[in-house]
Every structure is written in structure tokens, then in C-alpha cells.
Amino acid sequence: MAKLLKSSVIALICMLQALSSEIKQTPLEPASARGETLFRSRAPEETGVNFINPIDDNHELKRLYISGFAAGGVSLGDLDQDGLLDVVLTAGARASKIFRQVSPWKFEEVPWDPKLSELWSSGAAILDIDNDGDLDIYLCNYDTANSLYINVTKPGGAIKFEERAKEWGLDIADASLNPSFADYDGDGDLDVFILTSEFKRANGRPKELPVVGKNTANPTLKPGFEKYYTLTKHGPGNYVYYNAGRENILLQSQVAQGKKTFTNVSKEAGIKERTFGLSCTWYDHDNDGDLDLYVCNDFTDPDQLYLNLGNGTFKDVIKLAAPYTSWYSMGSDAADLDGDIHQA
């Protein structure tokens with residue numbers, strides 16, 4: 001056995017050496033040879049963006065600091081249509097803020113919704129959801145309804161929004177981490193995939209097994225525990241409960257009686273696995289004109305590649321598309337790196 005293992009290791013080393021000899025390496029040019037740097041840091045005193053997202057040890061949701069909800073989000077968009085990009089920053093334990101760019105690299109904080117100080121917000125998206133020519137804001141909130149702020153800013157006036165998530169069917173209350181808008185069904189209206197992560201139980205794992213019918217053929221989790229855990233069978237009569245992520249949510253835009261709303265079509269579309277999501281990226285994986293979706297998951301959950309079948313449903317083809325995926329995947333993006341029209 002030892003000889004066989006040694007031979008396998010030697011063969012693997014030889015193969016890696018052969019591959020490395022074929023790889024072309026181009027050393028990076030020293031910064032000094034490139035001349036002026038492309039980027040430079042601008043201090044808060046210079047820009048006016050004095051946003052701080054500190055750890056609050058006294059916050060009632062401080063348990064979220066060990067999850068994907070520890071950090072906030074950032075989005076850019078010209079909210080007042082003056083030709084300059086404004087900034088939306090979410091802060092978890094603190095109130096989310098808007099910084100309006102009043103001149104190049106000069107920002108001023110503008111009043112927003114005071115209720116945001118009561119929410120733990122994470123990801124934010126800026127888009128024209130009502131197709132009226134100005135940009136609106138959608139926020140994901142932890143364990144409370146997500147927020148949709150419709151832009152009602154008047155030309156030349158101060159930036160102003162009205163919260164209307166319930167009216168649009170976007171008041172999803174879950175472990176919502178980040179929203180990603182795209183027209184996946186090709187009807188001309190933006191739909192949204194809401195990436196979820198996990199619920200963190202306030203008192204941690206229970207001291208006693210939260211199971212009903214432990215000695216029966218079909219035990220179940222006690223009511224209220226299913227949002228945090230899953231029950232897995234490990235042999236006859238042996239069940240173990242594990243921390244579990246949440247099911248991601250796909251909302252399709254629909255128009256009824258002249259009014260646009262969003263409907264949860266996750267189950268029908270084939271989006272149903274419980275995972276610890278951390279990022280998601282829409283792109284056309286197979287170049288068929290339909291947008292597909294790559295999802296990065298935390299811990300030992302494999303990533304997912306949802307192939308758009310063009311009939312409103314998706315199929316996870318990650319095992320066909322990739323030999324393996326990383327654990328604890330934190331982020332993703334897609335681009336045509338080598339110019340062959342295929343995105344990676």
C-alpha cells in the first residue's frame with residue numbers, strides 16, 4: 001500500500017511539473033516603472049464621507065458579527081440626476097446613509113428614513129424599479145421586512161424617498177443578505193434574486209435536543225427551531241441536528257391590472273436548497289441569451305450554478321460545469337477573460 005501511495009505521489013508531482021512548464025508567466029511591472037498610481041485614497045475630511053461601521057458590543061443582534069451579516073453594503077447611483085454618482089452605505093448595527101455628491105469628490109449626507117436605525121441592513125441595490133427615469137433603492141434586512149425606497153425627488157429639489165416594499169410585494173422577511181436584479185425571463189422588467197444566509201439563534205444551540213418524536217420513525221424539529229436547523233439521519237434511530245442556511249428567494253416581476261408587483265416563484269423555478277449564501281452573480285453561462293446564476297456559499301456548502309432553462313425554471317449544473325468548488329466562498333464575478341466570448 002505504501003509503495004502504491006508513493007508511486008501515486010511521484011506521478012502527481014511529475015504531472016504538475018509538466019503542466020507548470022507549459023504555463024506562461026509574465027512578471028508584474030514595478031509600480032515605479034508605471035509612473036503615477038491609478039488610485040489614491042481620499043480622506044473623509046476631503047470627501048465628506050465620514051461613514052463608520054463599528055462593532056457594537058451592546059447591540060441586541062451582536063451575534064450576527066460572526067456571520068455574513070457582519071459587514072454592510074455599498075451601492076452607487078445618480079439619485080438626483082445631476083450627473084454625479086451618489087453613495088448608499090448600509091451599516092448593520094447603525095443606520096444606513098446616503099451621501100450625495102455635490103461636486104467632484106465632495107459629498108454631503110442627506111436625510112433618509114430614521115427607521116433605518118432600527119434595522120440591521122446588509123446588501124443594497126440601486127435601480128429604476130418603476131421605470132420613471134430616476135433611481136430607487138432596495139435594502140435587505142435581517143429577520144425583518146426588506147425595504148423599497150421609491151425615489152420621489154423633484155427636479156432641482158432635495159433627495160427624497162418613500163418606503164413602499166409591501167405595495168410592491170418586496171417586503172420579504174428572512175435572513176436576507178443581498179439583492180441582485182436581472183431580467184431572467186426576458187420580459188423587459190427586472191426580477192430579483194434575494195440571496196439569504198442564516199438565522200442566528202439568540203441563545204445559541206439549545207441544551208436539550210430540539211426534536212419531537214425522537215424514538216419514532218419520523219422525528220421532527222420542535223416548532224420554531226426549523227428556521228435555524230435541519231435534522232439529519234445518521235443510522236437507525238440516530239438523528240443529529242445541524243445549523244442550516246436559508247432557502248434563497250427568486251421574485252418574478254409581474255403586471256396585473258396595470259400594476260407591477262413581485263411574486264415568489266422560487267419553488268416553481270427550482271430554487272429550493274438551504275445554503276449559507278454569501279454572494280451571487282447573474283451572467284449567461286452557456287451563451288444562449290438567457291441569464292444564469294452563480295451562487296457562492298459559506299462553510300462546506302458547495303457553490304451553485306443555476307442554468308436558466310428558458311421556461312421559467314433553473315437547474316443546478318455545478319457538478320457538470322466545475323470539477324470542484326471552494327469551501328467558504330466569499331465572492332464571485334463573471335467576465336470574458338480571454339476574449340473567446342465565454343464568460344468565466
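Since the model is a prediction, treat every value here as computed from it, not as a measurement. As a basis for the values below, the full set of heavy atoms in this structure was taken, side chains included, without hydrogen atoms, waters or symmetry mates.
Taken to the nearest 0.5 Å, the CG atom of Leu278 stands 7.0 Å off from the CG atom of Leu195. To the nearest 0.5 Å, atom CG of residue Asn248 and atom CG of residue Leu293 are 8.0 Å apart. How far CG of Asn146 is from CD of Glu163: 9.5 Å, rounded to the nearest 0.5 Å. Considering OG of Ser176 and CD1 of Ile249, their distance stands at 5.0 Å, rounded to 0.5 Å.
Heavy-atom contacts from other residues, nucleotides or ligands closer than 6.0 Å to NZ of Lys319 number 12 or fewer. Crowding of Glu108 atom CD: a count of heavy atoms from other residues, nucleotides or ligands under 6.0 Å not exceeding 12. Residue-environment remark: NZ (Lys160) stays at or below the threshold of 12 foreign heavy atoms within 6.0 Å.
With Asp183 contributing its side chain and Gly188 its backbone, the two residues share a donor-acceptor pair below 3.5 Å. For Trp120 (side chain) and Phe69 (main-chain N/O), a donor-acceptor pair under 3.5 Å exists by modelled atom type.
In terms of hydrophobic clustering, with Ile, Leu, Val, Met, Phe, Trp and Tyr side chains grouped at heavy-atom distances under 4.5 Å, Trp282 and Leu177 are assigned to a common cluster. Cluster annotation: Leu305 and Leu250 are assigned to distinct hydrophobic clusters (Ile/Leu/Val/Met/Phe/Trp/Tyr, side-chain heavy-atom contacts under 4.5 Å, transitive). Criterion: ILVMFWY side-chain heavy atoms under 4.5 Å apart, direct or through other members. Under it, Val211 and Val240 are not part of a common hydrophobic cluster. Both Ile150 and Leu190 are assigned to one and the same hydrophobic cluster, defined by single-linkage of ILVMFWY side chains at heavy-atom distances under 4.5 Å. Tracing side-chain contacts under 4.5 Å through hydrophobic residues (I, L, V, M, F, W, Y), one never reaches Leu84 starting from Val49; they form parts of separate clusters.
Under the 30°/60° scheme for interplanar angles, the aromatic rings of Tyr229 and Phe225 are found to lie parallel. Aromatic ring pairs are classed by plane angle as parallel below 30°, tilted from 30° to 60° and perpendicular above 60°; the pair Phe199 and Tyr142 is perpendicular.
Looking only at atom types and distance, the side chain of Asp174 has no donor-acceptor partner in the side chain of Thr196 under 3.5 Å away. No hydrogens or angles considered: a donor-acceptor pair under 3.5 Å links the side chains of Ser253 and Asp191. For the 3.5 Å distance criterion, the side chains of Thr263 and Gln254 qualify, holding a donor opposite an acceptor. Using modelled atom types, one finds no donor on one side chain facing an acceptor on the other under 3.5 Å when comparing Asp80 with Thr153. Side chain to side chain, Asn297 and Gln304 meet the donor-acceptor criterion of an N or O pair below 3.5 Å.
Side-chain contact between Arg201 and Pro206 is present, with at least one heavy-atom pair separated by less than 4.5 Å. The shortest side-chain heavy-atom distance between Val255 and Asp189 falls under the 4.5 Å cut-off. You'll find the side chain of Ile271 reaches within 4.5 Å of the side chain of Phe314, heavy atoms only.
For Phe262, there are no ring-ring contact (aromatic ring centres under 6.0 Å, His included) partners at least two apart in sequence or on another chain.
Within the hydrophobic cluster formed by Ile, Leu, Val, Met, Phe, Trp and Tyr side chains joined at under 4.5 Å, directly or through other members, Leu119 is accompanied by Leu79, Val88, Ile98, Val110, Trp112, Leu116, Ile126, Leu135, Ile137, Leu139, Tyr149, Ile159, Phe161.
Tyr241 carries Arg205 over the face of its six-membered ring, with the cationic atom under 6.0 Å from the centre and within 45° of the normal.
Taking the six-membered ring for Trp and the full ring otherwise, Tyr294 and Tyr283 have centroids separated by 6.0 Å or more.
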Working for ring-ring contact (aromatic ring centres under 6.0 Å, His included), residues His285 and Tyr306: CA-CA 9 Å; His285 171 74; Tyr306 287 112; over 10 Å; no
